[in-house]
Amino acid sequence: MKYHFNEIEAKWQKFWLENETFKAENESSKPKFYVLDMFPYPSGAGLHVGHPLGYIASDIYARYKRHKGYNVLHPQGYDSFGLPAEQYAIQTGQHPAKTTEENIKTYRRQLDQIGFSYDWSREVRTSDPEYYRWTQWIFIQLFESYYCNDADQARPISELVEVFNQEGNQSINAACDEDVPIFSEIQWKNWTDVEQEMVLAKYRLTYLSETEVNWCPELGTVLANDEIVNGVSERGGFPVVRKKMKQWSMRITAYAQRLLDGLEKIDWPQPLKDSQRNWIGRSEGAMVRFKVKNLNEEFQVFTTRPDTIFGVSFMTLAPEHELVEKITTPDQQQEVEDYVMATSKRSERDRMSDVKTISGVFTGAYAVHPFTGEDVPIWIGDYVLASYGTGAVMAVPCGDQRDYDFAKHFGLEIPNIFKDQDISESACEDKSAVIANSDFISGMDAATAIRRIIDEMEKRGIGQGKINYRLRDAVFSRQRYWGEPFPVYYDNGVPRIIDEKHLPLRLPEVEKYLPTSDGKPPLGNAKSWAWCTKTETVVSNDLIDQKSVFPIELNTMPGWAGSSWYFNRYMDARNRTSFTGKKALEYWRDVDLYIGGSEHATGHLLYSRFWQKFLYDRGLVPVDEYAKKLINQGMILGTSAFVYRLEGENTYVSQTLVGDQKVQPIHVDVSLVNASNELDVEAFKRNTLNKETRQARFVLDDGKYIVGREVEKMSKSKYNVVNPDDICKNYGADTLRLYEMFLGPLEQAKPWNTAGISGVHGFLKKLWKLYHNNEEGIFSVSDAEATTEELKTLHKTIKKVDEDIANFSFNTSVSSFMIAVNELTAMKCDKRAILEPLIVLISPYAPHIAEELWEKLGHSKSIASADFPVFEESYLIESTKEYPISFNGKMRFTLELSLDLSREEVEKIVLADERTVHQLGGRTAKKVIFVPGKIINVVG
RNA sequence: GCCUUGGUGGCGGAAUUGGUAGACGCGCUGGAUUCAAAAUCCAGUGAUCGCAAGAUCGUGUGGGUUCGAUUCCCACCCAAGGUACCA
């Protein structure tokens, strides 16, 4: 009987679905294990072979854990809000919900045909109102909270109001905007409701503020920093400009330190942790106040080297610094204005790419050195960024290379404050240099000097120690249609929350998905988008009277809102009274294994950690890190194919004949090229839409057109996308699963090349044959006792697979299966005692064939719950070893020796061997190294 | 520049604590089967020299430690990813 993979796979996929084989229970006597994939955005293009890589790995892990007796939660869903569906809606008028629905259907079909063991009863979709009502609910919780620095956690904002009522904000130590005034309880009570609300907004964990944002005019929306790549939008590659807008922000900065500390206790890849650390960008130093000479103004600088303060010879402000205008002297006015203007015209990108040019202008003003009282000239320069620190630096040219370059360029003083350091060529940035010429800190090393100077600054009220972060609060508004609406309306400009009992606040219908003609977000097109506080319903905009009917927020939430908590929802996906039930949360707690791409390092994976910590603070979840272990799967690259068109001619030359001719390489669809890089010229002509190409001349080499190859990212535009559907159809899902794993280490990027697929497919056929090992090809196994050799093969494989799965080394377990099947085939093994455990071993990797053979072996229940074979060391114990005999480290021959032999006996046997005599060629052996069970090395 | 990861046959990639480098698969070569093909099976396959036995070289480069180094140490080169006038 042949291996009919199509029938077998369809049969078992249906079986799993009908029997709910992979449904996880929220109560179980088994230990729990939660395996999570990063859920996909259902794009119109469907899945390509790169997408399932991580899913296959996590599926193997989930199935393995089930065999090992765990209650496994392995869910899947869709991150279904997002730009492409909306762009498509703009172009075609099709409602994004409809496009999304269709795309999800395609995804589901593609996922199903690969045979994943998902518990689909827990599916989530971020665009489903039953899901996003809880996203809105979490937003409300954030709005109703502030961050108490003393308790180091988020607390209800009502507690803050209570304190304000009793004693104002003088003793409050909370994360807040920098411009919060100190006020008493009397002032607080005297403020109007609106005034109070404005103060509270400065403490809330989500707040409305006028912020400088990355505005993308082409997309009509703001973008987060991580949505911008090389100064243009990640999606579409459109230019991005800085613009001030009123936006919702998330006070993620309150969590900067905890997000940093939390990395210590989670098992995530080092590069990923590093990029999060980098992104958070903690630096320790001091804030120092400088007075402006002859003016009643002062400004602060942040420095990591307060110990070098006696080396300050000038100050540099960012051109955008608010003080620039106030302190510039009349005779410098023109020059400064010109410079500020010139800088503002330069795009961020310009400023970034041009790092070598030194520019700046003297303001004419002087600061007063806080220790020496000397005059320090104040300059402006675009190497100082308004967005980092205070937008001002104290320049220490002898200790900082940029300050040094600036000083050299403008002929400013470079006083040396380091003992025995030559600064004639460059600055001394070495922290071990001893401080000199610096009053009371002379002679100290940097660490001591920093402590001493901060003490002194705090004593004299000049400055204080400070930890600065690069992390900014996250902008949370998008001017889009296809996202979660904010449960917020505006009472005369003051944001008010729509009570949680009215959630979900559903997306309104609009006629057009574009921004309105007066520049409002797409929700501005909605006719009914006002909140009536009397009926507590959404009503027509015509009824807005600013008394009881108010306009609703027009922005929507960003893509990362829904994905910041979905892992909790899976635990209890159908709960209608809570975002996730307490019991479910207590049972599942956190994700044991999370698999996904590294591109989310500073986006999703940082925001979701932030939300989880917040939910934890408010007692809503039991743990403050939601994923114990995370694995990044590497990208599968496409192997693009190229044809070469002679420049200026309608002629294509085979790659082998290009030589020195001037040619233009053109991408050609990889499906038209065979494994030997030959192009199907006729099909190429047939498929092209270009008339000219159809008439083109093809210069062949020996009757063949050979294409050029290059490994690139898999993408539609490069015509190198390989669709998993074809592979499932031609080779089967089990082959696809095995092949994707066999390709190489999970975490490494690797090129897709279909050429090798016949190898794993052949393996499955061989495996099938092992169970149908007779002339007629009928299934048969024998109940005879297994031989020592057969048991050895089995147990060696069990050991290897256990180790490999623990190390996420799936590629090597596939080869160990091949070895096992090769060996058993050679032994003509047909013993149930071997073949039954063997198929359980393979089942996580190739579940369909495993189920089929399991059934043939006489089992009525799914193999999914079969016990994993237990490794027995005793089967591997050997009495002899084929020792490699080396001479001076070079292996020359092998010798089979009993493992019981003593060191002396081994030495005697080896030295007596004639090959040893030959190798030594008359020399005498000086020494014999004997490592029992490993090697024998003769030194001579 | 900085951080991280990596560099092994024609290709994807193996190699436990330093112990037979190249497992497994692809490709290639030869053979069996077949009218032929597909499929399947068998043998060979790092390079160079040699009829062979065998020898020499070989894990990015150069050095070191060691009886022995793909593995450890030092310096450098290259590639990929992240990040950046971060004070």
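Lettering of chains follows the sequences in order, A, B, ..., and the numbering in each one begins at 1. Fair warning: this is a prediction, and the values are worked out from it, not measured in the lab.
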Counting any heavy atom closer than 4.0 Å, what does V393(A) reach on the DNA or RNA strands: base, sugar-phosphate only, or nothing? base
Whether K799(A) and D802(A) form a salt bridge (side-chain N of Lys/Arg under 4.0 Å from carboxylate O of Asp/Glu) is what I want to check. no
Distance check, C1' atoms only: C3(B) and U16(B), in whole angstrom units. 30 Å
Of the listed nucleotides C86(B), A14(B), G25(B), the one nearest the side chain of L385(A): C86(B)
What is the separation between atom CG on N807(A) and atom C1' on A15(B), rounded to the nearest whole Å? 14 Å
From CG of L637(A) over to C1' of A79(B), roughly how many Å is that when rounded to an integer? 13 Å
For the student: nearest non-hydrogen atoms of I414(A) and A407(A), plus distance: CG1-CB, 3.9 Å
When you measure from the side chain of R892(A), which nucleotide among A84(B), G27(B), A55(B) comes out closest? A55(B)
According to a strict under-4.0 Å criterion, is N278(A) in side-chain N/O contact with OP1 or OP2 of A84(B)? no
Would you indicate what N811(A) reaches in the nucleic acid, counting non-hydrogen atoms under 4.0 angstrom: base, sugar-phosphate, or nothing? sugar-phosphate
Checking contacts here: which listed nucleotide (U83(B), G68(B), A21(B)) is nearest the side-chain heavy atoms of N937(A)? G68(B)
Send over the distance from R737(A) CZ to G25(B) C1', rounded to a whole Å. 20 Å
In whole Å, I'd like the distance from the CZ atom of F763(A) to the P atom of A39(B). 19 Å
So, is N822(A) near the phosphate of G25(B), with a side-chain N or O under 4.0 Å from OP1 or OP2? yes
Charged N to carboxylate O under 4.0 angstrom, E823(A) versus K796(A)? yes
Using atom CD1 of I450(A) as one end and atom C1' of A87(B) as the other, report the distance to the nearest whole Å. 13 Å
Does R402(A) place a side-chain N or O at less than 4.0 Å from the phosphate oxygens OP1/OP2 of C86(B)? yes
Would you say a side-chain N or O of K765(A) is under 4.0 Å from OP1 or OP2 of U40(B)? yes
More than 12 heavy atoms from other groups under 6.0 Å of CD on E914(A): no
Residues R305(A) and E284(A) bridged, charged N to O under 4.0 Å: no
Measuring to OP1 and OP2 of U4(B), would you say a side-chain N or O of R277(A) lies under 4.0 angstrom away? no
To the nearest Å, give me how far apart NZ (K799(A)) and P (U16(B)) are. 12 Å
Of K750(A) and T894(A), whose closest RNA chain B nucleotide lies nearer the 5' terminus? K750(A)
Do any side-chain nitrogens or oxygens of K890(A) fall under 4.0 Å of OP1 or OP2 in C57(B)? yes
Please work out if P269(A) contacts a base, only the sugar-phosphate, or nothing of the nucleic acid, heavy-atom cut-off 4.0 Å. nothing
With rounding to whole Å, what would you report as the distance between G19(B) and G68(B) at their P atoms? 15 Å
Roughly, in whole Å, what's the span from CZ in F930(A) to P in C67(B)? 19 Å
Side-chain N or O of Q748(A) versus OP1/OP2 of G13(B): is the shortest distance under 4.0 Å? yes
Indicate, with a heavy-atom threshold strictly under 4.0 Å, whether L743(A) touches base, sugar-phosphate, or nothing. sugar-phosphate
